[in-house]
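No hydrogens, no waters, no symmetry mates; every other heavy atom, side chains included, goes into these values. FYI, the numbering just counts along the sequence from 1.
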Amino acid sequence: MSTEVWILGGTGRSGRAVASELATRGLTATLVGRDADRLETAARATGSRTLVSASIDHTAAEIRRRRPAVVINTVGPFTETAGPIIGAGSHYVDLANDLAAVGATLDRNDAATAAGQTLVTGAGFGVTATESALMKICEGHSTPLRVRVDMVPSMAVEAGPVGAALAATILDGLPGVPGGGRFQGRRIAEGRPAPARIADDPMRLTLPDGAEVTTAGMPLGELLAAQRASGARFVVSASSEAPSGTAIRAVLPVALALLNWAPLREFAKRRLAAVTVKAADRPREHSWGHAVATWANGETREGWLRLGDAQEFTGAVPAEVARRLLDGEGRPGAFTPAALFGTGLAASCGGEYLTTSHR
């Protein structure tokens, strides 16, 4: 039985982080990418092997031929890359947190179960941190009525271009996601996806370490993960990365509506991909996953998952998921990380839970 773990996008920041985390678990990754020189540089730094592949389709063909046990996909947009890789048949893990990609992978549950294949989507900071915090406060309780989850990442920024994959993920909207338009937000209302304004529901949070941040609604994979983890009829997902200023929120619906025109959207993606991001230190000591659940009787429970650098956690989670899959701890089907492995997964990757309860 193969014990190979492949990382697609092995030269990127996330791919390198996953490879380093695999090495700490005694596993050697195979880094997959297009640029042989960059692959060799990344491989030397992480003790990995390499595989040069010109396209996702070529990579899928190599997976069918060589049958690695686990494939970790760090290459977006995941709405385009996940399908061919999943279809190649290995156990699959990705870092998606956009609603369209996470939903599409979770919809493959029946096919994956029949094939004996395990799919884990959302194995990065946002989905894993928020669903873990939510599952922790719901342990031993009945189904809550309302849930809100907030992701508050803190990570250093590497200098470099945004790149085509991330630009497409940001600007392609929510193609095919039920409950609203392509460039609308989403919430769960009465158990179903419903339209919402992006950056709606702003909230000022005082973090357990005393810092303050503002979060606002974003149509992220956390929304589906929170609904599935809690069964709540009303769910909101929010992020400190959402635009929360009054002026920006006022013009955002108009700007997003313009993206429905395909030529303008493609132009915007090209321009965004070429933008160079400056290096920056992480803004806070801690990253946080936050959840609030309210029950029909008025009880409210609030929970936090405290972490360090969000990027380090994003490297640790897929590495730990891969290790557990290699050890036979998974089961066939499509899951988010904590849905498959419970709240102990985040704790094993450096997370610490803080929980309060009040009425």
Quiz item: Are V317 and I72 co-members of a hydrophobic cluster defined by side-chain heavy atoms under 4.5 Å apart?
Solution: yes
Self-check item: side chain to side chain donor-acceptor pair (under 3.5 Å) pairs, two or more places apart, involving residues 55-67
Solution: S53-H58, S53-T59, E62-R65
Quiz prompt | side-chain contact (heavy atoms from CB on, under 4.5 Å) against V236, all qualifying residues, sequence neighbours excluded | solution = R148, R187, D201
Quiz item: Of all residues at least two apart in sequence or in a different chain, which pass the side-chain hydrogen bond (donor to acceptor under 3.5 Å, both in side chains) check with R233?
Solution: E190
Exercise. Quick one: list whatever passes side-chain hydrogen bond (donor to acceptor under 3.5 Å, both in side chains) with E266, sequence neighbours left out.
Key: K269
Self-check item: Qualifying side chain to side chain donor-acceptor pair (under 3.5 Å) pairs with a residue from residues 104-119, counting only residues at least two apart or across chains
Solution: none
Practice problem: Sorted by first residue and then second, give each salt bridge (charged side-chain N to carboxylate O under 4.0 Å, His left out) pair with at least one member in residues 15-38; sequence neighbours left out. | Solution: R16-E158, E21-R25, R25-E320
Practice problem: Go through the structure and list residues passing salt bridge (Lys or Arg N to Asp or Glu O under 4.0 Å) with D281, not counting sequence neighbours. | Solution: none
Quiz item: Centre of Y353's six-membered ring, under 6.0 Å away, within 45 degrees of the axis: is that where NZ or CZ of R306 sits?
Solution: no
Self-check item: Residue pairs involving residues 211-232 (criterion salt bridge (charged side-chain N to carboxylate O under 4.0 Å, His left out); sequence neighbours excluded)
Solution: R204-E212
Self-check item: Member of T215, T214, T130 meeting the side chain to side chain donor-acceptor pair (under 3.5 Å) criterion with D150
Solution: T215
Quiz prompt | For T121, side-chain hydrogen bond (donor to acceptor under 3.5 Å, both in side chains) partners two or more places apart | solution = D94
Quiz item: Hey, mind stepping through V292 and T300 against side chain to side chain contact (heavy atoms under 4.5 Å, CB included) and telling me if it holds?
Solution: CA-CA 7 Å; V292 178; T300 298; 3.6 Å; yes
Quiz item: When rounded to the nearest 0.5 angstrom, what is the spacing between OG in S154 and CZ in F125?
Solution: 9.0 Å
Quiz item: Can you tell me how far CD of E139 sits from CG of L134, rounded to the nearest 0.5 angstrom?
Solution: 10.5 Å
Self-check item: Qualifying ring pair (Phe, Tyr, Trp, His ring centres under 6.0 Å) pairs, either residue in residues 265-288, two or more places apart
Solution: H286-W288, W288-W304
Quiz prompt | Test side-chain hydrogen bond (donor to acceptor under 3.5 Å, both in side chains) applied to E329 - qualifying residues, sequence neighbours left out | solution = none
Self-check item: Within one Ile-Leu-Val-Met-Phe-Trp-Tyr cluster: V5 and L340, side-chain cutoff 4.5 Å
Solution: yes
Quiz item: Short question: side chain of S230, backbone of A232 - any donor-acceptor pair under 3.5 Å?
Solution: yes
Quiz item: For E285, what residues pass the salt bridge (Lys or Arg N to Asp or Glu O under 4.0 Å) criterion, not counting sequence neighbours?
Solution: none
Exercise. Please round to the nearest 0.5 Å and tell me the distance separating atom CZ of R282 and atom CG of D309.
Key: 5.0 Å
